4 protein chains.
Amino acid sequence: MTFTDSASDSGKSATRERILDAAAEVFATKGYHSSVVDDIVHDSNTSKGAVYFHFPSKQEIFLALVSRLADTLIRSTQDAIMEQQDGLAKFDAALGTVFEALSRHRALAKILLVSGAGLGRPFDEHLFNLLDRFAGMIKDNLDEAIAAGSIQQMDTSIVAYAWLGAVHEIVTRWLYTGKPDPLETAVPTLRILLLGSVGLPIGTAGR
Amino acid sequence: MTFTDSASDSGKSATRERILDAAAEVFATKGYHSSVVDDIVHDSNTSKGAVYFHFPSKQEIFLALVSRLADTLIRSTQDAIMEQQDGLAKFDAALGTVFEALSRHRALAKILLVSGAGLGRPFDEHLFNLLDRFAGMIKDNLDEAIAAGSIQQMDTSIVAYAWLGAVHEIVTRWLYTGKPDPLETAVPTLRILLLGSVGLPIGTAGR
Amino acid sequence: MTFTDSASDSGKSATRERILDAAAEVFATKGYHSSVVDDIVHDSNTSKGAVYFHFPSKQEIFLALVSRLADTLIRSTQDAIMEQQDGLAKFDAALGTVFEALSRHRALAKILLVSGAGLGRPFDEHLFNLLDRFAGMIKDNLDEAIAAGSIQQMDTSIVAYAWLGAVHEIVTRWLYTGKPDPLETAVPTLRILLLGSVGLPIGTAGR
Amino acid sequence: MTFTDSASDSGKSATRERILDAAAEVFATKGYHSSVVDDIVHDSNTSKGAVYFHFPSKQEIFLALVSRLADTLIRSTQDAIMEQQDGLAKFDAALGTVFEALSRHRALAKILLVSGAGLGRPFDEHLFNLLDRFAGMIKDNLDEAIAAGSIQQMDTSIVAYAWLGAVHEIVTRWLYTGKPDPLETAVPTLRILLLGSVGLPIGTAGR
DNA sequence: GATGAATGAGATTTCATTCAT
DNA sequence: AATGAATGAAATCTCATTCAT
């Protein structure tokens, strides 16, 4: 999966894509508020008019960008999960996909996880919904595992957010400090942690 | 502990405190960038001149606020830990203190955890150091537990961040959605999760 | 008379007419400056290219519209006058025609009387010429009446503008407030006023 | 009376007055839309910040200006009326005052009568209320005259607007063409017209 | 210490007009 | 004739910061 691919949007204007690509670069580098629309105009080799023809406001550019990134990430994670049969294998596939994708596209990951935080109502809401979709995915799989008797009864909602938070924090830390390098180094420990947290015997066959 | 208390700053100007209090409220409500200095001036019943007499810039107001909050939170957590002998008791005391403090001061918690993220260099650095101090505390205690043989060898750095992230996410979620209500409801589940994640037998004798 | 008819422009493009119709609606509703070309494009179900193919500029659309309206209004008023022999009957016919026409086409009346005022040189000049033609009509008829000895000598130029202004103000008031309802209600009073203002005995036999 | 005097506003900021004065000049010269805030900033020798400190928007500057002008004009007209006992003398005083004031301050008259027309909702409404106050003044005096038996019963509301319109049009014409020169030349004819329109015997002793 | 009017660089957004297709 | 994406000059407004009082 490519994470940035927009190949499927065959009908999308090339200019629109150029603008989004430039915006991704700019926002990731300077953060939302320090980025000015003129930067995007310049980097996209378009014009102010073109930008405002395709997007009603700077905010909407950012939000469109976040949506595009999140959609891709969520979709590929779901695909990876569905390719596996076993519950543990699903877990491993999801964790691996997410870390690999974020690791490969550090700039975009920054936009998704960091740039938009603390920006006020509309941004937070948007970002929240996205993380919620991830949390929902985790919760669904945990509920299945409980139904299958693999793990014992618990408040899966809390667990889902805790897991999300753990991943989020480690990735964020990596985004800022570059450690661990490479990001994927954290996966084995994290795997043990997360599985252990729901009482799963680890090491078992593991990977 | 009061978390907002500035009792020890016996020599500090009352105006300065009024400004910080107003700033806390404003930043928590609107986020850093959406808050304008005039809001703080207005809410603090002072004047623009007064604000700039006490603080060199808007940024410094925010940073001062964050420092004040974090210092108090960290100190009271450490105090709570030191009051306990047993490792498990220390853990419970820390978790309880943090959740209680954040729960009691929702607005301030919001500033500490979300308002400042993604704001660019100086902010992030500041905020990061704070979280790092917490992570350090966690790591130290985990290392002790390993040395004591209570838990097995692992990358305690990753674990510390994962724990931090889990707590962070759950509190953040509560800040936005109000759930769980009250926040402390999440503690038991979270306790099991965190302890379980490092392989500690739980439920057993509980506390 | 139809006031909006462009039947005589048998060779004119249907698109051009669609644009003018939409422009009339838009300008009347929002005024000149608040109307954007895109509004006209949208309402006329044409395209930006089409609009700029038929008109060199936004300004010219407005001017064309005003001209079309004024020509029709002036022509039908003159026709109504010519159908009458008696001076008093001519006056009544003119007053009736104008009020009836404006009353029937409120939106267009608004464009003619208010939308274009205070817009700067080219507009004002254009609009002025129109009102001048009306004033000229009034003046000519007054001069005739003086020559015929029906009314006494006076500065007919001032009178013409005063009459025009009286009508203009009452119609404008109606455009904004909807009163009097219907507009024609004002005619009898206005008739007495205008005739009385030049010393004509009124009430006499009415008409 | 000075029409522009702001002597009585002893508490008003000098900067605010400078801005309003500059705005008057600019708006009168170029019209509302062709005037840019930077013009006002420049001509007032202040700064953009100062302008927006005293007025929330360009629109409000204009509206404040119109109000200031209208207040002064209405007040001095009322004063002039109250100084007279006789009904006819009141009429003459009012007509004289208005024409003299407008004649003396052509630029401001332009703002009051022309610049704001056709600018859209908020402007029109404002301007309307102002003219309404004048119409009210006229109507009140006419009603008194009817009560006193000086003139016969009639729809004084229509008459008030017709009179207003007559004056408005003649002044507007003068503003654009400079004729009649001086403006006051029109007064005698207008006097005969207006009085005659309500059936008052004129010429009688004249004035 | 405190006040609040003043500053001005700079940001976002608008929209009449053009032009390749 | 018609389309609509693209252009870019220009406009309004924001707001952190300064400074005379």
Side-chain angles (χ1 to χ4, degrees), chain A residues 13-16 18-19 33-42 44-61, chain B residues 13-16 18-19 32-42 44-62, chain C residues 13-16 18-19 32-42 44-62, chain D residues 13-16 18-19 33-42 44-61:
Chain A
S13 138
T15 301
R16 192 191 146 96
R18 284 228 307 285
I19 292 168
H33 270 110
S34 303
S35 303
V36 299
V37 176
D38 273 326
D39 291 340
I40 300 173
V41 168
H42 179 260
S44 63
N45 269 113
T46 59
S47 66
K48 214 164 246 182
V51 169
Y52 279 91
F53 178 80
H54 288 287
F55 300 93
S57 66
K58 178 187 174 185
Q59 188 174 119
E60 288 298 323
I61 301 174
Chain B
S13 135
T15 301
R16 192 191 145 92
R18 283 228 306 285
I19 292 168
Y32 180 79
H33 267 112
S34 301
S35 302
V36 300
V37 175
D38 274 322
D39 290 340
I40 299 172
V41 168
H42 179 261
S44 63
N45 273 111
T46 59
S47 68
K48 217 138 187 192
V51 168
Y52 277 91
F53 176 81
H54 288 285
F55 299 92
S57 68
K58 178 188 176 186
Q59 193 174 115
E60 288 299 325
I61 301 174
F62 185 82
Chain C
S13 136
T15 299
R16 191 190 147 94
R18 285 228 305 286
I19 293 168
Y32 180 79
H33 268 111
S34 301
S35 301
V36 299
V37 176
D38 273 322
D39 289 339
I40 299 172
V41 168
H42 179 261
S44 63
N45 272 110
T46 58
S47 68
K48 217 137 185 193
V51 167
Y52 277 88
F53 176 81
H54 288 287
F55 300 92
S57 70
K58 179 188 176 185
Q59 190 174 117
E60 288 298 324
I61 301 175
F62 185 81
Chain D
S13 135
T15 302
R16 192 191 146 95
R18 286 230 304 286
I19 293 169
H33 270 108
S34 301
S35 303
V36 300
V37 175
D38 274 327
D39 291 340
I40 299 173
V41 168
H42 179 262
S44 64
N45 269 110
T46 59
S47 66
K48 209 167 253 181
V51 168
Y52 278 92
F53 177 80
H54 287 287
F55 301 93
S57 66
K58 177 187 174 187
Q59 190 174 116
E60 289 296 324
I61 302 174

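When reading the values below, keep in mind they use all heavy atoms of this one structure, side chains included, and skip hydrogens, waters and symmetry mates. The model shown is predicted, which means the values in this text are computed figures rather than measured ones.
- Nearer to the 5' terminus of DNA chain F, by closest-nucleotide assignment, is the contact made by A:Ala14 (compared with the other of A:Ala14 and D:Val36).
- At whole-Å resolution of the value, NZ in A:Lys48 and C1' in E:dT12 are 8 Å apart.
- In this entry the distance linking CD1 of B:Ile40 with P of E:dA2 reads 16 Å, nearest Å.
- In this structure, the separation between CD1 on D:Ile19 and OH on D:Tyr52 is 11.0 Å, given to the nearest 0.5 Å.
- What separates NE2 of D:His42 from P of F:dA11 is a distance of 15 Å, to the nearest Å.
- Considering CD1 of C:Ile40 and CZ of C:Arg18, their distance stands at 14.0 Å, rounded to 0.5 Å.
- For E:dG1, neither phosphate oxygen OP1 nor OP2 lies less than 4.0 angstrom from any side-chain nitrogen or oxygen of B:Thr15.
- Remark: D:Phe53 CZ to D:Arg16 CZ distance equals 11.0 Å, nearest 0.5 Å.
- In this entry F:dA10 has E:dT13 as its Watson-Crick or G-U wobble partner, both defining distances falling under 3.5 Å.
- Backbone-only contact: B:Ser35 has heavy atoms under 4.0 Å from sugar-phosphate atoms and none from a base.
- The nearest whole Å value for the distance from the CG atom in C:Asn45 to the C1' atom in F:dA2 is 14 Å.
- Across the strands present, F:dA5 finds its partner in E:dT18; the criterion is a Watson-Crick or G-U wobble pair with both atom distances under 3.5 angstrom.
- For B:Thr46 and A:Asp38, each mapped to the nucleotide of DNA chain E holding its nearest heavy atom, the one lying further toward the 5' end belongs to B:Thr46.
- Minimum heavy-atom separation, C:His33 to D:His33: ND1-ND1, 2.9 Å.
- Closest non-hydrogen pair, B:Ser35 versus B:Lys58, comes out as O-NZ, 2.8 Å.
- The stretch residues 49-60 of chain B touches DNA chain F through B:Tyr52, B:Ser57, B:Lys58, each having a heavy atom under 4.0 angstrom from the strand.
- Which of F:dG8, F:dT3, E:dA16 sits closest to the side chain of C:Ser47 comes down to F:dT3.
- Put simply, CD1 on B:Ile61 is 11 Å from C1' on F:dT17, counting in whole angstrom units.
- Rounding to whole angstrom units, NE2 of residue B:His33 and P of E:dT12 are separated by 11 Å.
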